[in-house]
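Hydrogens, waters and symmetry mates are skipped; everything else that's a heavy atom, side chains included, is used. None of the values given here were measured: they were computed from a predicted structure.
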Amino acid sequence: MPRRDEVARDIRRMTLGAQPVDYILVRRRGRRGVGLKVDENGLTVSAPLSLALARIESAVRVSEAWVLRKIDEWRGRRVPEASWVDGANLPYLGGSLVLRTSAGRRARADLVGAELRAATPTGTPPEIRRAVIAWYKREAAVLLAERTTWLARRAGLEPPRVFISPALTRWGSCNTRREVRLAWRLVKAPAVLVDYVICHELAHLRHMNHSRAFWAEVERQCPDYKSRRAELFATDHLYRSF
């Protein structure tokens, strides 16, 4: 939804480093200066309503190296497409499971060794996908709750209530009712990253903010949290394929 101060939004193209770069130009009332953002949508440039295009693009070129580096980083972070055929690999706790499909009276997936066996009435990709996601959610509900309880007790905290979230980009959240929500997709990540996210949310039970005291609590619970956080940022797109 557009912001109230947003006046115009255009897709434009300019040359950076001898290569054409498409960008979204957003003009806003009352804005001072030019702002740059690079994410999964590419480059977005926010600028004052009255600023000339030449001056806007000149400001972008000042940060040319940064923009091109970020664009390259995001190109390498594209979400891979999931395959719903027999023999496909599915991510789980930093490793992979082999998808095995078969006919069944009702759609259901179960883990047998290193295979996730999905039985469905029709064998269509949407039906297999639903059965697989249902299994991930069941698995997450158990695994994440158990891990949260263990880590909370280790930190000297009363274990919070744990809920499974469908969030696609936010791995966890915590509220003042001592409720922790964790994205079910988190079980695709390595266990050390799962623990980092849980410790992050448990730290909010003592500090409902992101103050220095909060980060000190995260570090107390997870001493190498900085490297784990960096790894999660670098790889989290791999866990959003479905």
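- Rounded to the nearest 0.5 angstrom, M14 CE and Y23 OH are separated by 6.0 Å.
- Rounded to the nearest 0.5 Å, atoms CH2 (W215) and NE2 (H210) are 5.0 Å apart.
- The side chain to side chain donor-acceptor pair (under 3.5 Å) check on N89 picks up nothing, with sequence neighbours excluded.
- The local environment of CZ in R161 is sparse, with at most 12 non-hydrogen atoms from other residues, nucleotides or ligands closer than 6.0 Å.
- Using a 4.5 Å cut-off between side-chain heavy atoms of Ile, Leu, Val, Met, Phe, Trp and Tyr, with links allowed through other members, W150 and L143 fall into the same hydrophobic cluster.
- Y92 and E139 share a donor-acceptor pair across their side chains, judged by distance under 3.5 Å alone.
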Item to complete: Tell me, with the steps shown, if V194 and L144 meet side chain to side chain contact (heavy atoms under 4.5 Å, CB included).
Response: CA-CA 8 Å; V194 174; L144 297 179; 3.7 Å; yes
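- Hydrophobic clustering of Ile, Leu, Val, Met, Phe, Trp and Tyr side chains at less than 4.5 Å, counting indirect connections, unites W66 with V45.
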Original post:
Are K70 and E73 close enough, and set up right, to give a salt bridge (Lys or Arg N to Asp or Glu O under 4.0 Å), and what steps lead you there?
Top reply: CA-CA 5 Å; K70 288 298 180 181; E73 288 176 4; 3.4 Å; yes
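- Here the side chains of L53 and L25 are in contact, with some heavy-atom distance below 4.5 Å.
- Take R108 and apply the side chain to side chain donor-acceptor pair (under 3.5 Å) test, not counting sequence neighbours, and it matches D110.
- The residues D86 and R100 are annotated as salt-bridged, a charged nitrogen and a carboxylate oxygen being separated by less than 4.0 angstrom.
- Applying the side-chain contact (heavy atoms from CB on, under 4.5 Å) test between I128 and each of L99, I133, T122 identifies L99 as the sole match.
- The shortest non-hydrogen separation linking A131 to A109 is O-CB, 3.5 Å.
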